[in-house]
Amino acid sequence: MKQQPRVREFSRSALALAICAAFAGVQAQEKKDDAKSQVETEITLEAGVAGVSGDQGDRAFWGQYNGMRNQDVYGLAGFGYSRRDASTGTWLEVIGSNLGLQTRELGLFWTRQGEWRLNANYGELWRVNPYTVNTGVAGAGGTTPSANYLSGGPGTGGDFQPNTKRQSIVLGGSRTLGSSWMLEGSVNSENKNGTQLFGIGNQCLSSGTGGCSFTPGATAGFGVLYYPQPIDYNHTQVEARLNYTGSALQLSGGYYGSFFSNSNGSMTPGVPGTLNNAIGQPLSSGSVVAGVPGVAGYLSQPVALAPDNHYNGVDLTGSYTFSPIIRANFKLGYSKTTQDQDFGSAGLTGAPAGISSLNGDVTNTLAQVRVVANPMAKLSLIGEYRYSNNEDNTTVVPYGQVGATQFTNQTVSREVNSGKIEATYRFPFAIQGTAGWGMNSIDRGSYTPTATYSGVSALRQKTDETSWWLQARRTMTERISGMVSYTSSSRDGSGWLAPAAGGVGLAPVGDPASQLGAHAIYLPTLADRDRTKLRFMLTWMATDALTVQFAVDAGKDDYKAPTQYALQQSKFDLYTLDVNYALSDAWNLNGYLSTGTQKLNQARPQGYILAFDDSSLNAGIGFNGKPSEKLTLGGMLSYISNTDKYAQTLGADAAPGSTQLLAVTGGLPEILYRRTELRLFGSYGLSARSTVRLDGAYQRLTYDDWGYAYGGTPFLYSDNSTVYLQPQQNVGYLGVSYIYAWK
């Protein structure tokens, strides 16, 4: 997928002109001393204007990240300054781009070759959610939003576009310490503010159905409401490394830290007194029986937002050459992740007595080694082993109750051992053959015996997977090169564990098929699985002007769970073709075509059988050329189509109502994404220093997702708020800029 055209705001060009004016005197002095200092200076300025057609609905996807969603006209502005001093080996570069939008970037790079390097960057990214929400929510963007029932019906509220703004600052550098040592480090701090598409949903507990329903004796009440999630994050990352390079030994020791803070600990929604029921009738959301909370009581509970957390890790990597035929590299690492934000300060209540935070504590230990040997001129051997231990040390305390038995939170640990051996031999006729074997073992340890596992059919402590692969590769001869590989793997595991009687803890199951029943569902990540993958690549230089590349990827997973339910099989295939043709020294044509499918076959109890089929087609043809010394032209016509199909059938145990529903509706409709786009550009040199550039684009997009709209009807919340995306979008773009550069 090609990037959107670069767009820059004209009003910002004043900054670029000021910088160039400041550098102009420096440049004049540098010219006087050029013979002595060998200084090369280059300055570039760009200014222009661009226009975009269509309205906000047409630009929903086009303007999602490039800042061209809400305006029709934009300015284009950018600058660049580069200064190289050959006598001192220093290089200074200052760049500004996208200065007209909320996607602007400023960067500085300063270095002395072989001694030190400094860099500083400032960047912004404005992301506007393509969906528009029509709602009556008050206080959007805060932690106490309040929904208001739209008595006038859907569409009578105000339009709201969730959006987020990122502002980041990066500082980095390195310093050479002698001939063998180097110290480097960086700090990256990013603020993110705004709102995200978000909502809450809840229903009355079955035990309180009679008193919590909309009307006595009716189905239990429920509600789904839109509340934009408030975003006010800071994420800071710190990295430092000390590197050593010797004749045989190379070492690098480092530290990495990640610190996330959220100014909003929770969101407490306000719920209106009226909500729609399942068939759109406005009914009271309050209690109808004294002492029993209504739907509003469940919906208005505080919603926890992303908690503060931090990560600290150290590692040591290295490589050593034992001899010209044996070399090895390794990595050792240790890290700790902590999440201990206070519940009370986050606005959350109901924690166990004496417990003020989760006290989350997860440590990870890593060790890996890789040895490469060349015992013969044509033979290469590789051996690799990797160990990772993720230990969850979070405090275990009671958080709830099942009947008369209390249950605690669950800790999740896992130990992974993996390795491989591989041999490569170079045969005659430029053919290289590779054979390998690998293993991967995951041990999840002992599941927390005091946690509840209700809703899970069965779990496994261990899974073990072995794989083998063969590959043949022919290196480039005069015209043809290619590769074909085949991989096969098989996974099984330990015995199954099922929720124990009473709902707390797990108990071993000898025969899952008979003990857990025919309707049990097993996680595909834990079930036995056989996997095969095939890859083929070919590069053909048909002539000196024509190059063709072709590739095929295909694979299949077969799952063998104790029952026929859940995921049973998945498969994929992908075919790609790339062509490049040089019409002449001045003109070039290129094109690509790829098509593929992904399929999932799965089943649920009560006879629901689903075959999910995702198919995609991507094609494009482009050109670039230079008709004259001053004129450069180029363009690309591209097409993308992606379709998700849900082929639904029913088994013999399907309920009569399900049979009738499928017959009437035909099952789930397709999800379609289709985009056709034409991009053209041209540049003309007015003089040795000045150039005019013209960029044009036209995009036609179709998007139909029944998850948010079906048959022209948008998704409807319980207060008549709606979420909508224009299914047909047409956008045109035209930009012209003037570029001035001198040395």
Enquirer: Quick check, are the ring centers of F259 and H235 under 6.0 angstrom apart?
Expert: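 F259 vs H235: aromatic centres not under 6.0 Å.
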Enquirer: Has Q339 got a side-chain atom pairing as donor or acceptor with Q341's backbone, closer than 3.5 angstrom?
Expert: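 Side chain of Q339 to backbone of Q341, a donor-acceptor pair under 3.5 Å: yes, one is there.
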Enquirer: Taking the six-membered ring for Trp, are the ring centroids of W540 and F550 within less than 6.0 Å of each other?
Expert: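 Centroid separation for W540 and F550: 6.0 Å or greater.
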Enquirer: For the NZ atom on K192, are there more than 12 heavy atoms of other groups (residues, nucleotides or ligands in this structure) within a distance under 6.0 Å?
Expert: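 Correct, the count exceeds 12.
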Enquirer: Side-chain donor-acceptor pair under 3.5 Å between T452 and S454, yes or no?
Expert: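 A donor-acceptor contact under 3.5 Å links the two side chains.
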Enquirer: Check for me whether the distance between the ring centres of Y385 and Y387 falls short of 6.0 Å.
Expert: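 For Y385 and Y387, the ring centres are not under 6.0 Å apart.
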Enquirer: Do Y399 and F407 have ring centroids that are under 6.0 Å from one another?
Expert: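 No, ring centres 6.0 Å or more apart.
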Enquirer: For the residue pair D573 / T597, report whether a side-chain donor-acceptor contact shorter than 3.5 Å exists.
Expert: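 Short answer, yes.
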Enquirer: Are F429 and F427, when compared by the centres of their aromatic rings, separated by less than 6.0 Å?
Expert: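 Not under 6.0 Å, so no.
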Enquirer: Does atom NZ of K599 have more than 12 heavy-atom neighbours from other groups under 6.0 Å away?
Expert: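 No, not enclosed.
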Enquirer: Could you check whether K336 pairs with D361 (Lys NZ or Arg NE/NH1/NH2 to Asp/Glu carboxylate O, under 4.0 Å)?
Expert: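 A salt bridge links K336 with D361.
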Enquirer: With no hydrogens and no angle check, do the side chains of W469 and E422 hold a donor and an acceptor under 3.5 Å apart?
Expert: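 Yes, a side-chain donor-acceptor pair sits under 3.5 Å.
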